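All values below were derived from every heavy atom in this structure, side-chain atoms included, with hydrogens, water molecules and symmetry-related copies excluded. In what follows, residues are counted from 1 in the order of the sequence shown. All values derive from a computational prediction rather than experimental measurement.
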Amino acid sequence: MLAKKKSCRYVINATGKNGETYLTTCNNKQEVRQWIKAHNSKLNHKELKIIDKHKKFFWIKSILLFITAALIIVELFILM
């Protein structure tokens, strides 16, 4: 049986004080905090970017829900 690959929610993209590039993924906010705490002395905080991948999906789901509701309303008016 194949193991299901779990996707990570947060992507951290950071630049170090000496020009290093860091790219890592975390499953939750606690892991993000731990990673930042562990690498705090090496990071250039102006170049720290944390991307929440679920936030992107929230907008897509909201738009699809709105379109579906609009189509249902239009069909109800057509049937009357």
Undergrad: Who are the side-chain contact (heavy atoms from CB on, under 4.5 Å) partners of Ile67, not counting sequence neighbours?
TA: Ile63, Leu71

Undergrad: For residues 31-40, which side-chain N or O atoms pair as donor and acceptor with protein atoms under 3.5 Å away, sequence neighbours left out?
TA:
unit_1 : atom_1 : unit_2 : atom_2 : d
Glu31  : OE1    : Asn27  : N      : 3.0
Trp35  : NE1    : His39  : ND1    : 3.4
His39  : ND1    : Trp35  : O      : 2.9
Asn40  : OD1    : His45  : NE2    : 2.7

Undergrad: Please report the interatomic distance OG1(Thr68) to CG(Leu64), rounded to the nearest 0.5 Å.
TA: 6.5 Å

Undergrad: Suppose we screen for side-chain contact (heavy atoms from CB on, under 4.5 Å). Which residues come up paired with Ile73, at least two apart in sequence or across chains?
TA: Phe77

Undergrad: In residues 11-22, what donor-acceptor pairs under 3.5 Å come from side-chain atoms, sequence neighbours left out?
TA:
unit_1 : atom_1 : unit_2 : atom_2 : d
Lys17  : NZ     : Ser41  : O      : 3.4
Glu20  : OE1    : Asn18  : N      : 3.3

Undergrad: Are Ile72 and Leu65 linked, directly or through intermediate hydrophobic residues, by side-chain heavy-atom contacts shorter than 4.5 Å (ILVMFWY only)?
TA: no

Undergrad: Rounded to the nearest 0.5 Å, what separation is found between the CD1 atom of Ile50 and the OH atom of Tyr10?
TA: 9.0 Å

Undergrad: Could you tell me which non-hydrogen atom of Cys26 sits nearest to which non-hydrogen atom of Cys8, and how far apart they are?
TA: O-CB, 3.6 Å

